[in-house]
Amino acid sequence: MPKVDKKAEEEEEAEKKRKAKRAKTFQTVRGMRDILPKDQPYWQRLRKVVEKIALDYNYERIDMPVLESREMFERGTGKTTDIVEKEMFKFKTKGGDDVCLRPEGTPSVMRAYLQHGMQSKQKPVKLFYSGPMYRYDRPQEGRYREFFQFGFEAIGEQEAILDAQLIQLAYRVFQTVGLKNIALQLNSIGCKECRLKYNKLLVSYLNNRKAALCMDCKKRLKKNPLRILDCKEEKCAQVVFQAPQTVDQLCDDCKNHFTMLLESLDEIDIPYTINPRLVRGLDYYSKTVFEFFPESSEEETQGALGGGGRYDYLAESLGGPETPGVGFACGMDRVVLEMARQNTKSYVIPVAKVYLVQLGDLAKKKSLKIFDELERAGIMVAESFGKKNLKSQLRLANQKGVSIVLILGQREALDETIILKDMESGSQEVVTFQKVVDDVKKRLKKSADIAANKAKKEKDAQKKLKALNK
Ligand code: HAM
């Protein structure tokens with residue numbers, strides 16, 4: 001083959017590769033997803049409800065970084081937990097720091113509490129957060145590698161009434177977003193002393209049945225026997241069914257704490273089930289542990305909408321002084337899924353009632369100013385500044401169902417006037433730039449009053465009809 005042909009062929013091949021590279025499109029990384037505008041109304045409703053209830057219960061917002069020290073989770077969440085052992089996104093920075101994407105919020109909140117000297121504040125220090133968490137797990141519906149949590153933490157007091165109030169708060173969130181049939185499971189795993197006593201009893205029970213346990217639980221028997229209680233393997237669940245229960249080994253103090261919690265929940269009519277196998281997958285818990293399930297998927301950990309408990313030793317494991325705490329976090333992705341499943345009310349995104357049409361370059365420039373003035377006056381305005389043609393802009397205005405169209409042509413732009421078209425009456429008038437905001441405001445108020453009157457009349461008529469039918 002002549003030399004020059006070969007070169008041309010190679011060049012053609014290289015160009016093909018370059019083209020293919022340029023044409024390549026991208027997808028989200030496995031386990032990550034976009035939350036699209038069409039899905040936002042449920043998310044927005046949940047965010048708003050969480051913020052409102054946080055305010056009502058006197059919780060202050062805290063935002064922690066997504067990137068934190070790996071060792072902090074090893075010591076806080078626990079080295080032998082699934083989250084730390086198997087699911088952390090961890091890496092070294094260029095500077096050599098061992099970091100990870102946070103898999104949960106509680107150790108970060110406690111770190112922030114200690115780092116910023118919040119011990120000197122009035123107790124309990126009540127903090128809430130919401131944001132993304134990262135766990136390298138097998139993705140499926142309701143389980144993602146990036147997921148969102150909102151969480152509440154009350155730090156500094158050990159009274160059981162705080163545990164009850166947090167559960168009440170969580171219920172209030174579920175109730176306010178419109179969720180029904182949320183089941184609460186509860187347990188107490190006691191303090192260090194109860195745990196020591198219980199672990200001995202559990203290990204001696206399980207040692208006799210070791211052969212029947214899964215591989216992971218055989219390891220857990222040495223490192224973290226309590227975790228065997230909530231293993232999802234069927235064969236382990238069978239072994240655990242007859243195992244000694246934590247609540248039977250509680251010291252007097254822990255027993256009283258648990259009783260006070262149960263009595264407080266009875267007082268506020270929150271139903272619960274005591275689940276002796278509920279220990280939660282994280283190491284820092286002591287005394288109270290709890291989880292919320294939609295009733296349809298009870299017993300399935302995958303379906304837990306949220307969970308929490310007391311963590312009276314977490315501060316010490318992070319190098320701080322003895323500091324009790326209690327909290328919970330909910331998976332927002334799962335709460336939103338459940339809201340959609342139960343068809344609850346979603347946030348109604350406000351829509352513009354005014355459309356701004358412009359014709360020509362000068363009108364375009366002036367339109368920016370008019371838009372700004374209307375927005376500052378609290379009036380939502382839709383526009384299509386990229387469009388030139390009057391017909392296409394009016395068509396868009398019609399599609400949006402606005403009640404007022406403002407038209408700014410070349411002549412109006414020079415005169416500093418604007419055509420105001422009332423879409424309900426069809427009337428049209430020319431107003432000055434100075435008057436446009438006031439005029440629009442008055443007209444919007446009038447049409448809102450008419451709509452409210454109409455709605456009231458319809459409601460009254462329905463009431464009358466109901467009374468007649470009785
Ligand atoms: P957690 O049980 O690990 O607790 O997570 C709380 C909730 O986050 C779960 O009930 C679930 O709804 C959601 N969640 C967990 N993993 C995923 C995932 N891969 N995809 C979607 N949702 C998920 C904690 O994180 C503790 N920090 C709770 C706490 C706060 N305890 C005391 N204070």
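Both counts, for ligands and for their atoms, begin at 1 and track the order of listing. Keep in mind that this is a model prediction, so the values were computed, not measured. In what follows, residues are counted from 1 in the order of the sequence shown.
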Numbered atoms and elements of ligand 1 in range of Arg135, under 4.0 angstrom, heavy atoms: 1 (P), 3 (O), 5 (O), 15 (C), 16 (N), 25 (O)
Gln245 (side chain) donor-acceptor with Val247 (main chain) under 3.5 angstrom: no
Ring pair (Phe, Tyr, Trp, His ring centres under 6.0 Å) evaluation trace for Tyr311 with Tyr313: CA-CA 6 Å; Tyr311 43 85; Tyr313 310 116; over 10 Å; no
Heavy-atom check, side chain of Leu250 versus side chain of Ser188, under 4.5 Å: yes
Contacting atoms of ligand 1, where contact means under 4.0 angstrom from a heavy atom of Ala329: 6 (C), 7 (C), 28 (C), 29 (C), 30 (C)
Lys/Arg cation over aromatic Phe89: Arg145, 6.0 Å, 45° cone: no
Any side-chain heavy-atom pair of Asp163 and His257 under 4.5 Å: yes
Ligand 1 N/O within reach of Ala304 N/O, cut-off under 3.5 Å: yes
Polar atom proximity, Tyr129 to ligand 1 (N or O, under 3.5 Å): no
Part of Arg145 within contact of ligand 1 (heavy atoms, under 4.0 Å): neither
Under-4.0 Å heavy-atom contact with ligand 1, by part of Arg334 that carries it: side chain
Heavy-atom gap Gly306 to ligand 1 smaller than 4.0 Å: yes
Flag, side chain of Arg135 to backbone of Pro103, donor-acceptor distance under 3.5 Å: yes
Short side-chain to backbone donor-acceptor contact, Lys180 and Gly178, under 3.5 Å: no
Atoms in ligand 1 with a heavy atom of Gly327 nearer than 4.0 Å: 30 (C), 31 (N), 32 (C), 33 (N)
Atom NZ of Lys218: over 12 foreign heavy atoms under 6.0 Å: yes
Ligand 1 contact by Leu305, heavy-atom criterion under 4.0 angstrom: yes
Option of least heavy-atom distance to atom 26 (C) of ligand 1 (set: Tyr144, Tyr134, Tyr284, Phe152): Tyr284
Ligand-side contact atoms (ligand 1) for residue partner Gly308, heavy atom cut-off under 4.0 Å: 31 (N)
Numbering as shown, the atoms of ligand 1 that approach Glu153 to under 4.0 Å (heavy-atom distance): 30 (C), 32 (C), 33 (N)
Identity of the nearest option to atom 31 (N) of ligand 1, non-hydrogen atoms only, from Tyr285, Phe328, Tyr136: Tyr285
Side-chain heavy atoms of Leu396 within contact of Ser384, under 4.5 Å: yes
Lys/Arg cation over aromatic Tyr205: Arg209, 6.0 Å, 45° cone: yes
Proximal ligand 1 atoms for Tyr311, defined as those under 4.0 Å from one of its heavy atoms: 32 (C), 33 (N)
Neighbour count >12 (heavy atoms, 6.0 Å) for atom NZ, Lys126: yes
Location of contacts on Leu282 toward ligand 1, heavy atoms closer than 4.0 Å: side chain
Arg280, portion touching ligand 1 at heavy-atom distance under 4.0 Å: side chain
Location of contacts on Gln149 toward ligand 1, heavy atoms closer than 4.0 Å: side chain
Distance filter under 4.0 Å to Thr106 heavy atoms, resulting ligand 1 atoms: 26 (C), 27 (N), 29 (C), 30 (C), 31 (N), 32 (C), 33 (N)
